[in-house]
S.K.: 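Take a look at the following structure, please.
Owing to the predicted nature of the structure, the values given are computational and were not obtained by experimental measurement.
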Amino acid sequence: MSTPFVCRQCIARLTRPQIEPLKSKHFRFYTQAVLTSELQPTWGFPEEQRREPSVEHGVTRHLEPQIHPPYSLQASQNARDEPIVERKPQWDGRLKKFTPRRRPDVATEAHESRVTNSRELKRKILRCLGDYGIVREDLMRIYGLSRQEARHAVNQLERSLWGRHSKVEAAERLDLFHAWKKHFNELLHMAQSSHFTTEPDADSTGTDDETHPRTQDLATVRDVWLRLSQERREALWPQVIVSAFRSNPSTLFSLVQATFQASWCPNYAVEDLVYFLFRTLDNIQNNEGRRQQVIELMFFLLKNSPPRYLVLEQMTIYKAISWLPTSRVVELYETLKKIESPLNTNTMLQFASRLARESKYKVQAADIIHSLSKMPGFDINSPAAASVCTTLLTLGEEGGLPDDHAAPDELFKMLLDAGFRPNLLSLTALMRNFCVRGRVEIAWSIFNLLLERGNEPDGYVFSTLLNGSKRSLDMESFQRSVDLIESRKGWSPRLVNDVLDFIYQENESQAVSRRRQRKSTSAKAWRMMVQVYAKFFDLAPLQKLTLFPLENLLAPGSSKEAPAHLRQLSQILGALPSRPDALLMKPDSITLGLMLIAHFRTMNRPNRLQAYYRHIMKLLYQGDRTVVSLVKDKGTWIHDIFIQNFMQFRQTLESGIQIVQNMHDKAKQEKKERGENILHPPPSVHTYTILMNGLRNHRHTRGVITALNTMIKEGIKPNIVTWNTVIGALSREDYLEDTVRVMRYLEQIGLESNDRTVREVTRLSKYRKKRIASLLKSPKKPVYFGDQRSFAESLLNIWERREKDEQNLDRMPMRTARRKLKEDSGIETPNTTSTDRF
């Protein structure tokens with residue numbers, strides 16, 4: 001049978017949509033309206049009235065930036081020849097967001113109708129009259145979305161369709177929305193698959209199809225992409241992303257960077273793309289490179305988006321907050337604020353909580369809390385908000401002191417102005433804040449305020465006051481704290497530990513004439529600690545760990561006169577009554593560890609340390625309950641104590657290194673046999689830092705770098721204390737250029753220096769400080785340090801380079817060698833080698 005002839009007019013009539021399109025002069029895509037400036041608004045209002053107000057971050061639904069005039073205004077524009085009748089404007093000058101008129105009959109009918117395919121879903125969406133929340137269950141069923149994903153899809157529909165007065169335009173947008181969302185479940189499963197990878201594939205060559213671009217540099221890809229027409233790019237971009245997910249994920253990041261522009265990329269596709277990429281990281285362990293790629297792509301999309309274009313999932317933002325360093329968390333918050341991306345209350349509290357942990361960013365955290373307090377419905381005294389306020393008032397253990405704007409009194413005043421009602425936790429945090437800053441007298445004033453408010457102080461309050469006294473070694477404050485605890489019968493193991501630590505710190509604070517880590521008064525301080533211990537704790541656990549009877553230190557007449565710096569302390573503690581045997585407390589792991597540290601400080605010979613090490617390790621192998629609990633509770637602490645003491649004697653230097661090796665071997669064997677480490681924990685970052693510090697004190701700089709490489713190979717990440725030890729070791733042995741390299745590397749990886757870093761440099765000689773200053777002022781060369789392992793390995797090449805330089809100097813004439821040394825130092829020197837100055 002021959003094909004019947006159909007004329008063009010019939011074809012056009014058959015393909016015409018069922019609904020008669022309304023004439024619209026508006027763009028097809030919202031993103032076109034954002035970036036196109038040719039179409040000028042025809043409303044008769046001043047410029048300042050046409051400007052849109054900024055969006056509050058607590059709002060979860062937003063209008064698109066283009067607001068269409070009503071039909072009455074459009075009709076009046078066509079009748080330009082008619083006389084203009086002046087009348088009062090009906091508009092108050094404020095742009096209000098579109099809110100759909102709720103129709104109970106439409107909602108009831110929509111809830112009762114159950115859609116089974118995309119066509120019925122499209123019809124139901126168009127009949128919702130803007131109330132798209134009633135199709136959330138249908139979106140879950142048709143597209144396979146979770147409840148949270150469906151809620152976000154409803155938000156995407158609202159931003160895409162609200163304000164569209166043409167049903168044809170809305171229908172076209174729905175077709176594009178469906179063409180993308182039908183792949184949502186497939187792409188999500190691919191992203192969560194363990195086989196999905198964005199690493200470059202050497203065997204992947206791509207295809208010649210325009211939806212499968214080859215891997216090439218960004219400039220070339222973008223040049224080819226821009227040759228396509230605007231309509232072609234708009235239709236192809238989602239297809240390109242789907243195709244890249246399916247065939248060649250390694251090109252995804254470069255492809256997005258080369259082809260993204262808000263004018264042709266649907267915002268819902270970009271939002272879902274970021275969501276997919278973050279979901280790929282759920283099943284990835286220890287892949288910092290992949291995570292960094294996703295983070296950088298997210299920042300690229302946010303910074304190249306117009307306001308109100310992207311609304312990321314709140315869970316996606318939460319993951320980014322937990323992965324980013326604090327400096328980049330600030331950058332993320334400022335970027336989201338700049339593009340007016342909505343943030344709910346919980347997300348903003350997450351930002352504030354993360355920033356409040358560091359003194360450097362407490363002011364930014366306070367600004368977020370202050371902005372939240374102005375939002376209707378926000379309760380600053382709710383449990384979550386009160387917890388963030390307490391964190392804001394708390395100083396970290398390793399953080400530096402805050403500046404004037406982040407001082408505890410300023411922050412507390414701001415919180416009170418925002419309506420915060422302080423509780424026991426927040427007041428205690430404020431007390432600790434002042435104690436850390438050395439203002440114990442103000443902490444006591446807050447304590448008096450706490451009593452006036454009717455709050456009953458607990459053990460944490462007492463411990464805060466004791467720690468404040470210990471930090472400043474304030475004997476008057478210490479006596480006041482002890483009397484207060486005794487009057488309230490509030491002694492606990494934690495408070496007694498603070499008292500014992502005060503004795504230890506008071507004795508260690510005394511200067512000695514010789515640079516030795518052993519003090520002659522350590523035995524008397526140890527005796528005083530045993531006497532205080534016996535008043536509160538059972539003596540049996542500590543006796544099990546010692547090699548002599550402790551009763552010898554407690555017998556009448558055994559107490560000798562305390563040294564001058566411990567005399568007042570001895571009187572305060574001597575007045576404390578002993579507890580009955582039935583009320584003696586059981587010492588915890590911190591108590592026993594602290595007593596061992598103080599006892600080992602009294603030993604001037606390494607053979608006694610070796611005897612104690614053999615004794616405690618024997619108890620550990622026998623399964624003694626006290627030693628086993630000490631290892632379970634504190635991990636490597638007991639081993640670290642022995643390593644620190646062994647590394648102080650030249651005779652036992654090798655023994656300290658051997659302990660670390662034994663820890664590694666036994667932990668590996670126990671892990672293989674039992675599947676976990678119980679009695680033999682592997683060396684920690686603290687273990688290696690103690691080892692490296694001991695090697696540095698004995699001027700074994702090469703051993704310090706070797707230990708650094710070993711710990712990194714075992715997967716242990718060095719902290720700032722570890723790197724400070726490296727800086728001190730290198731600078732002390734005149735490896736100044738490598739010292740500057742380490743400093744710049746720490747700056748690159750975002751590890752901030754502290755007071756100890758500055759102290760390692762300022763304790764050097766005048767020449768070395770001047771040389772380091774000149775190296776730091778020199779222009780930075782673009783050097784790629786690589787990861788920590790490769791950088792640590794590069795430090796091992798120091799000695800090879802020095803040996804070659806020394807060989808070359810030996811072969812040079814004397815005048816040339818002197819000129820070479822002068823150029824290397826950068827400072828005019830007499831005719832001597834650089835080693836003669838020290």
S.K.: So with a 6.0 Å cut-off around CE of Met315, is the heavy-atom count from everything else above 12?
M.R.: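 Incorrect, the count does not exceed 12.
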
S.K.: Which label fits His680 and Tyr621: parallel for a plane angle under 30°, tilted from 30 to 60°, or perpendicular past 60°?
M.R.: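 Ring orientation of His680 relative to Tyr621: tilted.
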
S.K.: If we ignore hydrogens and angles and just use 3.5 Å, is the side chain of Arg354 paired with the main-chain N or O of Ile321 as donor and acceptor?
M.R.: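 Yes, because the side chain of Arg354 sits within donor-acceptor range (under 3.5 Å) of the backbone of Ile321.
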
S.K.: Is Arg279 salt-bridged to Glu313, cutoff N-O under 4.0 Å?
M.R.: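 Looking at Arg279 and Glu313, the cut-off is not met.
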
S.K.: Can you list the steps and then say if Tyr688 with His664 is a ring-ring contact (aromatic ring centres under 6.0 Å, His included)?
M.R.: CA-CA 11 Å; Tyr688 277 104; His664 179 270; 8.5 Å; no

S.K.: Taking only residues two or more places apart in sequence, or in another chain, which ones meet Arg756 in a side chain to side chain donor-acceptor pair (under 3.5 Å)?
M.R.: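 Arg756 satisfies side chain to side chain donor-acceptor pair (under 3.5 Å) with Glu760 once adjacent residues are dropped.
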
S.K.: Check Arg789 with Glu793, please: is the shortest side-chain N to carboxylate O separation under 4.0 Å?
M.R.: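 Arg789 and Glu793: salt-bridged.
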
S.K.: Look at atom CZ of Phe299 and say whether more than 12 heavy atoms of other residues, nucleotides or ligands are closer to it than 6.0 Å.
M.R.: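 Above 12, so yes.
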
S.K.: Quick one, Asn797 with Ser794, criterion side-chain hydrogen bond (donor to acceptor under 3.5 Å, both in side chains). Give me CA distance, side-chain angles, the key distance, then yes/no.
M.R.: CA-CA 5 Å; Asn797 299 329; Ser794 68; 5.8 Å; no

S.K.: Would you call the rings of Phe276 and Phe245 parallel, tilted or perpendicular if under 30° counts as parallel and over 60° as perpendicular?
M.R.: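 Perpendicular.
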
S.K.: Would you call Arg328-Glu296 a salt bridge at under 4.0 Å N-O?
M.R.: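 Looking at Arg328 and Glu296, the cut-off is met.
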
S.K.: Identify the residue among Lys672, Lys666, Glu673 that makes a side chain to side chain donor-acceptor pair (under 3.5 Å) with Gln669.
M.R.: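 By the side chain to side chain donor-acceptor pair (under 3.5 Å) criterion, Gln669 pairs with just one of Lys672, Lys666, Glu673: Glu673.
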
S.K.: Check step by step if side-chain contact (heavy atoms from CB on, under 4.5 Å) holds for Leu708 and Met692.
M.R.: CA-CA 8 Å; Leu708 176 68; Met692 293 165 61; 4.0 Å; yes

S.K.: Tell me whether the rings of Phe600 and Tyr612 are parallel (<30°), tilted (30 to 60°) or perpendicular (>60°).
M.R.: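 Answer is perpendicular, since the angle exceeds 60°.
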
S.K.: Can you list everything that forms a ring-ring contact (aromatic ring centres under 6.0 Å, His included) with Trp637? Sequence neighbours excluded, please.
M.R.: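 Scan of Trp637 (ring-ring contact (aromatic ring centres under 6.0 Å, His included), adjacent residues dropped) gives none.
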
S.K.: With the threshold set at 4.0 Å, does a side-chain nitrogen-carboxylate oxygen contact exist between Lys668 and Asp665?
M.R.: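 Asp665 and Lys668: not salt-bridged.
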
S.K.: Using salt bridge (Lys or Arg N to Asp or Glu O under 4.0 Å) as the criterion, list what pairs up with Asp501, not counting sequence neighbours.
M.R.: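 Salt bridge (Lys or Arg N to Asp or Glu O under 4.0 Å) check on Asp501 returns Lys470.
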
S.K.: Would you say CG of Asn607 has more than 12 non-hydrogen atoms from neighbouring residues, nucleotides or ligands within 6.0 angstrom?
M.R.: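 Enclosed.
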
S.K.: Please assess Asn693 against Arg696 for the test side-chain hydrogen bond (donor to acceptor under 3.5 Å, both in side chains), listing each intermediate value before the final yes or no.
M.R.: CA-CA 5 Å; Asn693 188 61; Arg696 184 193 69 166; 3.1 Å; yes

